[in-house]
Amino acid sequence: MSVRVRFAPSPTGYLHVGGARTALFNWLFARQKGGVFVLRIEDTDVERSTPEMVEGILEGLRWLKIDWDEGPFHQSQRLNIYRRVGHQLLERNHAYHCFCSPELLSQKRAQAPHGGRDWQYDGTCRRLSNDEIRSRSEAGAPFAIRFRVPEDQMVSFPDLVYGDIQVESGNIEDFVILRSDNSPTYHLSVVVDDAEMNISHVVRGADHLSNTGKHVLLYQALGEKLPTYVHVPLILGVDKKRLSKRHGATSILEYQRGFVPEAMRNYLARLGWSPRGDDEEIMSEERLIQLFDLSRINKANALFDPKKLEWTNARHIISLPASELESQVRPFLQKDALWDSAWEGTDRQWFLNTLDMIKPRARQLPDFTHLGRPFFSDEFEYESEAVRKYLTSEDSESMYQLIQAIQSLAGAYLKLEPFNLETTEQVLRYVGDQHQIKVGRLIGAIRVALTGEAVAPGIFDVIITLGKERTLERLDRVLLYLQ
RNA sequence: GUCCCCAUCGUCUAGCUUGGCCUAGGACAUCGCCCUUUCAAGGCGAAAACACGGGUUCAAAUCCCGUUGGGGACACCA
């Protein structure tokens, strides 16, 4: 049997972390099985759905490199199909007219004990005679169509994650399938679409687990074969509450502000799922597709851990070649005016090498701006803490010594040929010895002189990356500053 | 409230199906040490969990029941 899965977001909100993971699980499964991934937009709630939300969701999927084979289908364009099926159910007595107004219903609910939380539709219209239905509808009374839930039936279905689930039909109320304005409810439209689109595996959030009984009943009434259900546990915030603004981001797109998509999907895939053997944390796309296994998804909800996401991000940044990192880092550099068109032309190789040099220190994308500033620009300040630590001394004798050392280093570098990793280090160590100054101290001062900061890549890498000319300029500049 | 689901270090998890190999393994975070020109990275190490109570069994993290805790669903929203 061929695998057909779908991701069916509702554009009444953003694509959040949990939704993104559900999409990813579907996609991973489809790609592994050579199946088809269908994208379907569940926008039957016209009031709350917006085209902007749809665009945002698609953008989020694209960012995560989750591509779809069919769709996006819009339920709002398929309304007639649901109406037809709804009326078919009515004709076959699997559903009935309900004339109870929403007002009446909410009144009854309000009067029920426990604030009506456990109130179910009481079946007032369940046994209306044909004459009564005819006379009421001819009188223009609005009606909804409710599904006739069979009495005393055990509704059960297998779930790939949760095992066999059973619910007594008595716990399922006669739910509305077509509203009085003839629009379908969610339960009708999902089942109709999943059946019609030949979906083999319904992989969705566990918040739908308790709706599934209704869906199973609908499948039975329609005489359709049940798909394999795969309910994926929810992702909660660290306080075990639903993920919300307080925990970071509502939309997956907000993570573009710091994370590479490779890391995001790696983290999401490993959250609540682990490969057999479990010793792999950092996995490539190919590896994920190869090892992914729906039945190994953990049953318990998972808490979203931004720290581990960040670590995953750092690991992916390190292993990403500079040529791939470039396009992701570029917007951040541009924003801080650190981008030069030469990086695309003559200086491209130098630029890529520099990225490779600074990337082990980056945890998030914006880190590249301060990490890269000393190389991509000549304008930087001496960071005050760095000055305090490396360019200051209580004792004027040792300050003088330091200045002398920097001066002779500048002089030596000026004549140094070839100017490379080995020679610059040899010279620096020699100068340090000559001036009886600890190499660590000299290097510290030079680091601040060249980068403005106390933290930077290895000093000789910095020197070579800057080149002789810029190194000398900066040494002159610091001497001026110190005198 | 009713129904459904879940329960291993702070967090993500391995182990649970097919009880003994578990003195419960790995990863993030934390702390310490090493490497070292700073900071990362890397290496080594420490601390840290089977929610609780009953069974079943020669033996239970693993099977069963209950308790507690957590989550979800209970709309003419999706």
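In what follows, every chain begins at residue 1, and chains take the letters A, B, ... in the order their sequences are listed. Remember, it's a predicted structure, so these values are computed and weren't measured experimentally.
At least one test fails for A:R136 against the ring of A:F143: distance under 6.0 Å to the centre or angle within 45° of the axis. Seen from the ring of A:F380, A:R477 counts as a face-on cation partner, given the 6.0 Å and 45° thresholds.
Base pairing of B:rA59: no nucleotide in any strand meets the Watson-Crick or G-U wobble criterion (both distances under 3.5 Å). Within the shown strands, B:rA73 is the pairing partner of B:rU2 under the Watson-Crick or G-U definition, both distances less than 3.5 Å. Nucleotide B:rU18 is matched to nothing when pairs are restricted to Watson-Crick or G-U wobble geometry with both distances under 3.5 angstrom. Applying the Watson-Crick and G-U wobble criteria (two distances, each under 3.5 Å), B:rC52 pairs with B:rG66. With both pairing distances under 3.5 Å, B:rA24 is matched to nothing as a Watson-Crick or G-U wobble pair. Nucleotide B:rG32 is matched to B:rC44 when pairs are restricted to Watson-Crick or G-U wobble geometry with both distances under 3.5 angstrom. Searching all strands for a Watson-Crick or G-U wobble partner of B:rC9 with both distances below 3.5 Å returns nothing.
Here the separation of B:rG32 from B:rA40, taken at their P atoms, is 12 Å to the nearest Å. Distance check on atom C1': B:rC63 versus B:rG20 gives 14 Å, rounded to whole Å. Comparing B:rC31 with B:rG15, their P atoms are spaced 31 Å from each other, to the whole Å. Rounded to the nearest Å, the gap between the C1' atom of B:rA29 and that of B:rA78 is 37 Å. The same atom, P, is picked in B:rA47 and in B:rU56; the two are 37 Å apart, to the nearest Å. Using P as the reference atom, B:rG72 and B:rG66 are 24 Å apart when rounded to the nearest Å. For the P atoms, the distance linking B:rU67 with B:rU30 amounts to 41 Å, nearest Å. Distance noted for atom P between B:rA46 and B:rC6: 36 Å (whole Å).
The interatomic distance linking A:D193 (CG) with B:rA78 (P) rounds to 13 Å, in whole Å. The CD1 atom of A:I165 sits 17 Å away from the P atom of B:rG72 (whole-angstrom rounding). A:E310 has its CD atom 16 Å from the C1' atom of B:rA27, to the nearest Å. Whole-Å rounding puts the A:L104 CG to B:rA75 P distance at 15 Å. Computed from coordinates, the A:M283 CE to B:rC12 P distance equals 19 Å when rounded to whole Å. Rounded to a whole Å, the CG atom of A:L209 is 16 Å from the C1' atom of B:rA78. One can place NZ of A:K108 at 18 Å from C1' of B:rC74, the figure rounded to the nearest angstrom. Between the CH2 atom of A:W119 and the C1' atom of B:rA73 there is a distance of 17 Å, given to the nearest Å.
In this model, the phosphate group of B:rG15 is approached by a side-chain N or O of A:R296 to a distance below 4.0 Å at OP1 or OP2. The side chain of A:N211 places no N or O atom within less than 4.0 Å of a non-bridging phosphate oxygen (OP1 or OP2) of B:rA73. Phosphate contact (OP1/OP2 of B:rA27, side-chain N/O of A:R270, threshold under 4.0 Å): absent. Distances shorter than 4.0 Å separate none of the side-chain N or O atoms of A:T185 from OP1 or OP2 on B:rC76. In this structure, A:T44 reaches the B:rA78 phosphate: one of its side-chain N or O atoms is under 4.0 Å from OP1 or OP2.
Of the candidate nucleotides B:rC3, B:rG72, B:rG1, B:rG1 has the atom lying nearest to any side-chain atom of A:R117. Listed candidates were B:rA27, B:rC76, B:rC4. Nearest to the side chain of A:L105 is B:rC76. The nucleotide whose nearest atom lies closest to any side-chain atom of A:E173 is, among B:rA75, B:rC12, B:rC76, B:rA75. The side chain of A:A300 approaches B:rC6 more closely than any other nucleotide in the set B:rC6, B:rC76, B:rC12. Closest approach to the A:D118 side chain among B:rA78, B:rG1, B:rC3 is made by B:rG1 (side chain taken as heavy atoms from C-beta onward).
Using a 4.0 Å heavy-atom cutoff across all strands shown, A:H187 reaches at least one base atom of the nucleic acid. Across all strands, A:Q166 comes closer than 4.0 Å only to sugar-phosphate atoms, never to a base (heavy-atom distances). A:N298 comes within 4.0 angstrom of sugar-phosphate atoms only, judged by non-hydrogen atoms across all strands, and of no base. The residue A:R441 sits apart from the nucleic acid: no heavy atom pair falls under 4.0 Å.
The CG atom of A:D194 lies 5.5 Å from the CD1 atom of A:I199; values are rounded to the nearest 0.5 Å.
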query = When every nucleotide of nucleotides 29-45 of chain B is labelled 5' to 3' by its protein contacts under 4.0 Å (heavy atoms), B for base, S for sugar-phosphate only, - for none, what sequence of letters results?
reply = S-------BBBBSS---
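Nearest-nucleotide assignment on RNA chain B puts the 5′-proximal partner with A:A302, out of A:A302 and A:L178. Place A:P102 and A:H114 on RNA chain B by their nearest nucleotides, and A:H114 ends up nearer the 5' end.
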ask   = Between A:R315 and A:E281, does a salt bridge (Lys or Arg N to Asp or Glu O under 4.0 Å) hold up when you go through it step by step?
value = CA-CA 10 Å; A:R315 292 293 308 270; A:E281 294 286 342; over 6 Å; no
query = Can you check side chain to side chain donor-acceptor pair (under 3.5 Å) on A:R78 and A:Q75, steps first, answer last?
reply = CA-CA 5 Å; A:R78 299 164 54 83; A:Q75 290 193 323; over 6 Å; no
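Checked against the 6.0 Å centroid threshold, A:Y162 and A:H231 do not count as a close aromatic pair. Checked against the 6.0 Å centroid criterion, the rings of A:F368 and A:F332 do not qualify as a close aromatic pair. Aromatic ring centres of A:H16 and A:F304: separated by at least 6.0 Å.
Residues passing the salt bridge (Lys or Arg N to Asp or Glu O under 4.0 Å) test with A:D461: none are found, sequence neighbours excluded. Every residue meeting the side chain to side chain contact (heavy atoms under 4.5 Å, CB included) condition with A:A302, not counting sequence neighbours, appears here in chain and number order: A:L271. With sequence neighbours left out, the salt bridge (Lys or Arg N to Asp or Glu O under 4.0 Å) criterion links A:D118 to no other residue.
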Give me, pair by pair, the N or O atoms of the protein and of nucleotides 68-71 of chain B that are less than 3.5 Å apart, along with how far apart they are.
| residue | atom | partner | partner atom | Å |
| --- | --- | --- | --- | --- |
| B:rG71 | OP1 | A:K241 | NZ | 2.9 |
| B:rG71 | O2' | A:N301 | ND2 | 2.7 |

Determine all donor-acceptor pairs shorter than 3.5 Å in which one atom belongs to a side chain in residues 442-449 of chain A; sequence neighbours excluded.
none

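Using the six-membered ring where Trp is involved, A:H187 and A:H215 have ring planes that are tilted, between 30° and 60° apart.
The base of B:rC76 sits within donor-acceptor range of the side chain of A:S180, with an N or O pair under 3.5 Å.
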